Q: 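Input: one structure, supplied below.
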Number of protein chains: 2
Amino acid sequence: MPLGQGYPQQDCAIARALELVGDRWTLLVLRDCFFGVHRFADLVARLDVPRAVLSDRLARLVEAGLLVPDGRSYRVTEAAHPLWPALRSLAAFGESAQAAAGGSVRRFAHVTCGTDTTADGRCPTCGTVPPPPDLVVRAVGGRGRRDDPVSVALRAPHRLLTPLP
Amino acid sequence: MPLGQGYPQQDCAIARALELVGDRWTLLVLRDCFFGVHRFADLVARLDVPRAVLSDRLARLVEAGLLVPDGRSYRVTEAAHPLWPALRSLAAFGESAQAAAGGSVRRFAHVTCGTDTTADGRCPTCGTVPPPPDLVVRAVGGRGRRDDPVSVALRAPHRLLTPLP
DNA sequence: GCAGGCGGTTCGGTCATTGAACTAGCATCG
DNA sequence: CGATGCTAGTTCAATGACCGAACCGCCTGC
């Protein structure tokens, strides 16, 4: 994994996944990339991550084919889409703690049906599990701790994977 | 999070989840606990984790209510069940890398239907997403890198959450 | 009593992370 | 052209988490 070295003795797909995304920052970087953040400076501002660490993580994700550099921005590739259910599951697990802390939670609506997906990612109207590009994310509750333009734009409803600013 | 301190500036449920399970070993500890490993020594042997680190991670998980100590063993509580979909999603994501490395992958069968669940956790026979206690895990492919009794027992089909040895 | 297994702690060394300062490329403006 | 400013990324000393091995205390069986 990005931190330490890896889990070479583990004969396990979860260990392989964590070797790529199991460090302190990578999943949060991917979260923001799914939400449309795509510039180095925006990621630094939103994550409060040291620039050296972000530079390293982005390079690893590019090398793994999950992100692709496009001039001054990074785009999520299709290879990263299988990671979306993991992010959504972690969000569902963290929701109670987040709500207890007075923060906002996110809802993901199926763009073709207009209904919110359930905790397991399913659209109750059509019964499918929409892929990330077919979801519209919005924040509900909380008061919003950040005032930078990117964070404000992220709170408004918008489609996943579409570059934000 | 367990490592470092946390992400206090992040107004995000994923960040709350990662503050609890986003460090170097916690998700692998929970993986083994879901699979039935429940003794300190077995976890040390299977994970190659420093004893001090495992001690710290177990204490955090107990404090969070995800594990409960029971004499000389640790049991997964219901509060930890919402984390299972995240583990399963990570396994699905890591499967290609794991297969490419010549390792084994796991299948999870719905115990009441006898059919394997799909990558999104659904039972194709009954259409539900079975909870962890209704799943039987087995390893397919690979050659098994570990010979300790616990790892051997883990490779045989068995029900999740039932103490193994 | 005593040997051995078990859960857990202590401790010095190592390595990743942190945060601030610095470099380099590029565009704009006067 | 030269100055200015923005962006991406690197360097570097200090901090802190992690690592591995040795040690401690408890319980059990002989």
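Since the model is a prediction, treat every value here as computed from it, not as a measurement.
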Q: Is the distance from OP1 or OP2 of C:dG8 to the nearest side-chain N or O of B:Tyr74 less than 4.0 Å?
A: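 Answer yes for this pair, as a side-chain N or O of B:Tyr74 is under 4.0 Å from OP1 or OP2.
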Q: For B:Leu66, is there any backbone N or O sitting under 3.5 Å from a side-chain donor or acceptor partner on B:Thr77?
A: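 The answer is yes, because a donor-acceptor pair under 3.5 Å joins these two groups.
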Q: Given atom CG of A:Leu47 and atom P of C:dG19, what is their separation to the nearest angstrom?
A: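 One finds 13 Å between P of C:dG19 and CG of A:Leu47, rounded.
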Q: Between C1' on C:dG7 and CG on B:Leu43, what's the gap in Å once rounded to a whole number?
A: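 It works out to 12 Å between those atoms.
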Q: I need the CZ-P distance between B:Arg72 and D:dG25, as an integer number of Å.
A: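 Spelled out: CZ on B:Arg72 to P on D:dG25 is 17 Å.
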Q: Can a side chain N or O of A:Arg57 be found less than 4.0 Å away from OP1 or OP2 on D:dG9?
A: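 It does not, given that no N or O in the side chain of A:Arg57 lies less than 4.0 Å from OP1 or OP2 of D:dG9.
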Q: With side chains defined as the heavy atoms from C-beta onward, is the minimum distance between B:Arg138 and B:Asp116 less than 4.5 Å?
A: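 In short, these two side chains touch, coming nearer than 4.5 Å.
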Q: Look at the rings of A:Phe108 and A:Trp84 and say which category their plane angle falls in: under 30° parallel, 30 to 60° tilted, over 60° perpendicular.
A: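 Plane angle over 60°, so perpendicular.
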Q: Atom CZ of B:Arg24 and atom P of C:dC15: how far apart are they, to the nearest Å?
A: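 In whole Å, C:dC15 P lies 13 Å from B:Arg24 CZ.
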Q: Could you give me the CA-CA distance, side-chain angles and deciding distance for B:Arg75 and B:Ser73, then say whether side-chain hydrogen bond (donor to acceptor under 3.5 Å, both in side chains) is met?
A: CA-CA 7 Å; B:Arg75 313 283 175 168; B:Ser73 83; 3.2 Å; yes
Q: Which nucleotide in the list C:dT9, C:dT18, C:dC26 gets nearest to the side chain of A:Pro50?
A: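 My answer, after comparing the listed nucleotides, is C:dT18.
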Q: With a 4.0 Å limit, can you tell me whether B:Ser55 has a side-chain N or O closer than that to the phosphate oxygens OP1/OP2 of C:dG7?
A: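 False: B:Ser55 side-chain N/O out of range (4.0 Å or more) of C:dG7 OP1/OP2.
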Q: Using atom CG of B:Asp42 as one end and atom P of C:dG7 as the other, report the distance to the nearest whole Å.
A: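 Nearest whole value for this atom pair: 7 Å.
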Q: Please report the distance, rounded to the nearest Å, between CZ in B:Phe40 and P in C:dG7.
A: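 About 7 Å, once rounded to whole Å.
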Q: Which listed nucleotide (C:dT18, D:dC19, D:dT10) is nearest to the side chain of A:Val53?
A: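 Between C:dT18, D:dC19, D:dT10, the one nearest the side chain of A:Val53 would be C:dT18.
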Q: By nearest atom, which of the nucleotides C:dT18, D:dC18, C:dG8 is closest to the A:Trp25 side chain?
A: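 Nucleotide nearest to A:Trp25's side chain: C:dT18.
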Q: Ignoring the backbone of B:Arg51, work out which of D:dA22, D:dC27, C:dG25 is nearest its side chain.
A: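 Looking only at heavy atoms from C-beta outward on B:Arg51, the closest nucleotide is D:dA22.
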Q: Nearest whole Å is fine: how far is D:dA17 P from B:Asp23 CG?
A: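 For the pair B:Asp23 CG and D:dA17 P, the rounded distance is 12 Å.
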Q: Regarding A:Ala52, tell me which of base, sugar-phosphate or nothing describes its non-hydrogen contacts under 4.0 Å with the strands shown.
A: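 If one applies the 4.0 Å heavy-atom cut-off, A:Ala52 turns out to touch a base.
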Q: Tell me the interatomic distance from A:Leu54, atom CG, to D:dT10, atom P, rounded to whole angstroms.
A: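 Going from CG in A:Leu54 over to P in D:dT10 covers 11 Å.
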Q: Which class fits the ring pair B:His81 and B:Phe34: parallel under 30°, tilted 30 to 60°, perpendicular over 60°?
A: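 Taking B:Phe34 first and then B:His81, their aromatic rings sit tilted (interplane angle of 30° to 60°).
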